[in-house]
Every structure is written in structure tokens, then in C-alpha cells.
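Lettering follows sequence order; numbering is per chain, from 1.
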There are 2 protein chains.
Amino acid sequence: MAHRQAQQRRPSIHDVASRAGVSAATVSKVMAGVATVKPENAQRVLDAVEHLGYRVDPLASDMRRAKRRIIGAIMPEFESEFFGQMVSQLESLAEQRGYTLVAASSRESEAREKEILARMHDWRVAGVVLAPVRNEHGPAAAFMKANGMTGVLIDRVLSDDAFDTVSADSASASAEVARELIGKRHRHILVIGLGEQAATVRARLDGFRATALKLAPDVRIDVVLAETDVEPLRAQLRDYFDRGEGGGERPTAVYSLFLKGTLVALSEFRRRGWHCPNDISLVGFDDAEWMQVTWPAIAAVVQPVRQIAGHAMEALFARIEGEEGPPTARLEPCKVLMRESVGSPGNVPHSGDRQ
Amino acid sequence: MAHRQAQQRRPSIHDVASRAGVSAATVSKVMAGVATVKPENAQRVLDAVEHLGYRVDPLASDMRRAKRRIIGAIMPEFESEFFGQMVSQLESLAEQRGYTLVAASSRESEAREKEILARMHDWRVAGVVLAPVRNEHGPAAAFMKANGMTGVLIDRVLSDDAFDTVSADSASASAEVARELIGKRHRHILVIGLGEQAATVRARLDGFRATALKLAPDVRIDVVLAETDVEPLRAQLRDYFDRGEGGGERPTAVYSLFLKGTLVALSEFRRRGWHCPNDISLVGFDDAEWMQVTWPAIAAVVQPVRQIAGHAMEALFARIEGEEGPPTARLEPCKVLMRESVGSPGNVPHSGDRQ
DNA sequence: ATGAAAGCGCTAACAT
DNA sequence: ATGTTAGCGCTTTCAT
């Protein structure tokens, strides 16, 4: 029966038009909320829409318009709280403006990142929120530039000559971590990180070092950086502590510049039977829900996800709507949550300490 | 200059066609890999494509075809490892088949879930992977049914009369947890969960209870279920322990049926100064990276994310390609990781125990 | 083997 | 205020 078939094929704007006894153009106007439609006709259209269950096909609609109401989001991964929250926020903000967010994970690969970007370009997305794997100088940003895409760079970036950037204020947060640690009389601190994330790591490291040295010129800061991946870092860290054990020198605190580093540090402490904060203190950049329920609770730098997402979208939509002007570089303030994993050295005897 | 403008507007199939001296139809065939094109012409097209940097617009392409090569994925949240991994997997699998995954978070709201579904229907997605907030009987699945959408239900589902389902084998995993706990001589166990996730919670609870009672008929199993949200559960749990303290009765182990419950339990233990496993044992459904680096490491049921994602996509594409037949209901086996948070009661004196 | 023509579902000029 | 026309970029008969 014709009725049943109509159920299968979705009603198009023409179905509505003929049912309402007007043209497709008028239906289009009603759907778009254009005021110049005779109220009576508008009502007929609305009735037909209601009856048929008609909904505009956003893709067909975009096809005709200039730009598509789609925002692309590219994150290095989806598995962590930080990027999960970020995607969730971005989705919500895009939706509020009538855009759809299409998110993709580069899985920490710059090659994939570029591929995804190319695909998003194929989709003719209106704009892109890119959280690059490495930094703002990677091939993905170059691709965006070369193809005149509009976009915003977030997280592992500082500033760029072509795109607006939004990221956590790593340097200030790290300075505060330094203040806290120095204030608690730590004078030998190990900082661990991933060299790949050059800009960010540098900001965090420099921010930390500058403040620590200013407050305590005699402080010793060791640095263990792995280039690309977490596993090498684990090995390097093990090696570092092995050497330290022999020489009788061991840092009293560790500052991890990224989340996985915090996990690696914890697991290395476990292996050695060290407990926080008695044997060693620990602070990590990037907070997670579990950090406040473990024993000890893990001190962490909380990144302002909502602010980053919010300002990124704000900047992006401004550009989409044609705003000119040099790219801006925003830094959003973090919160440092000092929890039980940080103590003062010497307050409690180190178990198994040879000094 | 004309050249610069050409940079702005992406080359269309017609640009390629005229440069190659053939028609758009021929270009289309070459791009689609149709064999009936004279090799010489095909080469000219390829050269033009190369020169112009032409890429097919997938949306325009889908516009003309019947179905769009887009898969929708709806998850209750993006913030947890489980769903993060799930989206990542699904994206990868969709991509392998030349589809794009559009993921959205229902943020644990059934209302939003249905809205998202409607939007995906507007997009005319080829199929949907839905991880419902509650279970397979929610309004979202009903919407899918009513609109003849093709889809697969995952995670918080058992089976459905209209859609294929894929989920973790909660019952078997819970039975194994029961075996472990009973084997370690626990005879008073608290199970906590969220009532909302009816089917899953029931499967986990029943699987646990049946096996526990079979192995130890004298076992006492208390159950604390909050209906909708995590905070009420926290309150109920606190209340439960308060009552227990007075009566001198306290479970020796807690089995949390979902991840946030595990966090709530841990934080409640903290508040009371109880340590695992000496004061109480803990196992949680759902594993997370941090659980193996904390002290104690937290025992957990590991859900087979890859298998769930893999079989979900398999089933979905089979349906998309027209496979008929009654809906299937898959259960994927879990792994139970017994870690340090589980011990035997009485082995070590309970600190602060009044018994 | 190839191209002309006809749309997919929609919107934006332009007439009326 | 409304309808007609002309596409967006692509694919697909259907002639040739």
C-alpha cells in the first residue's frame, strides 16, 4: 500500500509542500522561520510537517548552503578523562549553535592526524578543533594552513602564527607546584615528561624550574624525558632510580608533567615498595577522578577543561563567522590540588632509606 | 588571479573532467574503480586528480546514493576508559569499511538519547551503535524501531526482539567473582549497584548470588542499590555502614557492579579509615588503568571492549548489507583480575574492628 | 567505452 | 507573499 511505503521513504520537502498546497520554497521558508509567509499558509505547512513527521535533512540543506554546519574535533586519544570531558564539552557547545560535532582520535599518531584532517576537509567542515599529538608545528596544522581551513588549536600548544590557540597555563601551574614543593622543603626533585610534546613540556618544565630555583637556589632538579612513548619512560625511570639507589641519592619528590607519567611513577614506586608521601612525594599534571579516592590521594594539577573548550569554540565560531585579526593565544589558569601524596621530606623516616 | 581563487574553491568533479577532457560521469567511474574505462582516459583522469588535488566529496556522494556511509554511535558518557575505548574501537572499525563514525554522548539522559537518535535519523545514518543509558527497553530503542532504523544495542542490554545486542557476560563474570570471594572465605558480602541499569545489574547480581549461595549456603549477601545516580548511592552506602557499625556486623567484602560504585566504595573506606584488604575486600566490575598502580591494586572485572566493539560492528554491517533473520544476543566473556584489594577475612586483624 | 540527462533534498535569487 | 528556476557535487541510468 502506498501508505506503508511512505513510511519507508522519509517525507521530503516536496511531500510537505504538496500536502500543504504550497511550493517547496515556502516550506523551506517556514522551516527557516522566515517571517514573510502568510500565517495561514505557515500553519498549513506546520500541520503537514506534523502529520508527515517531516524533518529537514541537514546534509541536503548544507549541500546547498555555502558552509556545512559540522565541526570536526581531533583528539590524541579518547581513553582519558581529560579528552573525554573535552569531547563531551565540545559536542555540547557545537550542538548549542546548531552544529554537529564529528570527533576522531588520532591515537597519538601524527600521520593519522593528518589523514583525519584530510577527511574532514573532504567533509567541508566549517571548522576544526585540533588537539595535536605533538605541538602546533606538526603536519596537521600545516595541512590546515595550506588548505585554508579554519580551526583552533588546543592543549599541547602555546601559540601559532595562523590559528588561535587555547591551552592550560602550564607555566603558572608548574610554578605553583614548585612553590608548594619548595615550601615543603623538597630540595631534590625529579621531573618526568614526554619530550615529544615539546612546547607544553618546555613550558611546564621551565615554569617549574624558574620558580624552584628562585625560591631555593640550591635545589637540585633532575629531568627524565622520554621522547615518544610511555614505555621508554618507564625504563628510563627505573634506570634513574637504580643509579640513584647506588649513589645513595634519591629525590624526595617527583613532578610528572603528564597523566601517564603519574601512572608510571606510581607503578615504579610500587615495584620498589615506596609509599607516598613517606618515601617520596608525587604531584602530577592532569587530575583524574580516582586520584582523590586512593590512599594516599594523589596531588594533581587540574586543567580547566570547560574553559578551554568554551574559549576554543568561541574563537572558532568567531572565525567561522568571518572575524579577522591576528591569531590569539589563550592560556587558561589551572588549579593545583595538593593532596596526601605530597609531604615534607624527613618528617617521617624513609623506609629502606640508606642515607 | 584566477589561480589563487581556484585554491579557495575546491575542485569539483567537473574541474577534473574538463582538465582530463572527459565527462564527469567518466571521472566518477574512475574514482569508483569501475573497470570499463579506457586505460588511457583513466590515466588522464588520475593525472588531473593528482594535479588538482581533487577528492570526492563524501557527503555529495552519499546524497546521490541510497544510504549514507555514516555510522552513529551513542554512548552514555565519554569520560570513562570503557566508553572511550569503545568509541575509539568503533571509529576504527567504521573507518576500515569506509564509513565515518559520528559519536555523541547522551550524558546518562534518556531524553537526550532520544534526541540524538532523532538527529542521527535526520542525518540518514546507515546504522547506529547504541549503548543505552538504562536498558534495551528505553525510548531510544523504541524510536529506532518505529522509524525502521538499523542498529545494534551494546553494553547495558541483554537481548532484544528487534535489534542485535552485544554485551559483556556479566553473569558469568559475577559468578567467578563469587567463586573467588567464597573461596577466600568471605561469608558476608555487600553488593552495590545502580538499579537503573536493570538488566545488567540483575544479571550481575543474580550471577553472583546464585554461585555464592551454591558454594556457601550460609553466606550473607547484602545489597545496596541506588536508583538513578551515584550520589544517592554514596549516601545509602554511608548509611548502610553506619548501621552496621552499631550492630557490630560488617561485610568482609564489597562487590561493586559498576565503575563509579567502586570509586564510591573506595572513598567511603577512606572516610572510615578502612584499608583493603585488611579491613575489607573490594572487587569492582570494570577495570581501569589506575587500578593496577595504586596500593593496594584494585581487583576488577575486565570487560572485553574490543570483542564487544568488533561483534557489534560485524552485526551492524551485516544488517546494513541486508542480512535477515532474528536478532542475535551475544555475551562476550570477561576476565576477572584478582588483585591485592581482595584478601581473606580474619587473616589479619581488622584495625578498629570491634568484633 | 562514454556522455547527456536526471535527479538526491534542499535553498536562494529572482520574478511575479 | 509566493512560486519558478537553478543549482550544491555527485552518481546513475540510458542512449550512443
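- Position along DNA chain C of the nearest nucleotide to Ala24(A) versus Met63(B) favours Met63(B) as the more 5'-ward residue.
- Among the protein residues, Thr26(A) comes within range of the sugar-phosphate backbone only, with heavy atoms under 4.0 Å from sugar or phosphate atoms but none that close to a base.
- Smallest separation of non-hydrogen atoms from Glu323(B) and Arg319(B): O-NH1, 3.2 Å.
- Whole-Å rounding puts the Arg124(A) CZ to dC10(D) P distance at 6 Å.
- Listed here is the closest heavy atom pair of Ile154(B) and Ala312(B): CG2-CB, 3.7 Å.
- Between Ser28(A) and dC10(C), a side-chain N or O to OP1/OP2 separation shorter than 4.0 Å is absent.
- Atoms NZ (Lys67(A)) and P (dA12(C)) sit 16 Å apart, rounded to a whole Å.
- With dA1(C), dT4(D), dG9(D) as the candidates, the nucleotide lying closest to the side chain of Ala25(A) is dT4(D).
- Remark: Ser12(B) is not in phosphate contact with dG9(D), judged by side-chain N or O atoms under 4.0 Å from OP1 or OP2.
- Nearest to the side-chain atoms of Arg9(A) among the listed nucleotides dG3(C), dG9(C), dG3(D) stands dG9(C).
- Side-chain nitrogen and oxygen atoms of Ser61(A) include none within less than 4.0 Å of the OP1 or OP2 phosphate oxygen of dC10(C).
- Taking for each of Arg65(A) and Leu59(A) the nucleotide of DNA chain C with the nearest heavy atom, the 5'-most of the two is the partner of Leu59(A).
- Comparing dC10(C), dC10(D), dA1(D) by their closest approach to the side chain of Ala60(A) singles out dC10(C).
- Per the geometry, CD1 belonging to Ile13(A) stands 19 Å off P belonging to dA6(D), to the nearest Å.
- In terms of phosphate contacts, Arg64(A) brings no side-chain nitrogen or oxygen within less than 4.0 Å of OP1 or OP2 of dA13(C).
- Across the protein-nucleic acid pair, Asp62(A) atom CG and dG7(D) atom C1' stand 16 Å apart, rounded to whole Å.
- For Leu52(A) and dG9(C), the CG to C1' distance is 15 Å, given to the nearest whole Å.
- Taking atom CZ on Arg68(B) and atom C1' on dG9(D), their separation rounds to 13 Å, with Å as the unit.
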Intermediate values then yes/no, side-chain contact (heavy atoms from CB on, under 4.5 Å), Arg124(A) and Lys67(A):
CA-CA 7 Å; Arg124(A) 277 115 170 119; Lys67(A) 282 246 158 112; over 6 Å; no
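- Rounded to a whole Å, the CZ atom of Arg55(A) is 16 Å from the C1' atom of dC10(C).
- Other residues, nucleotides and ligands place no more than 12 heavy atoms under 6.0 Å from the CZ atom of Arg306(B).
- With respect to the salt-bridge test (charged N to carboxylate O, under 4.0 angstrom), the residues Asp122(A) and Arg10(B) qualify.
- The interatomic distance linking Lys29(A) (NZ) with dC14(C) (C1') rounds to 10 Å, in whole Å.
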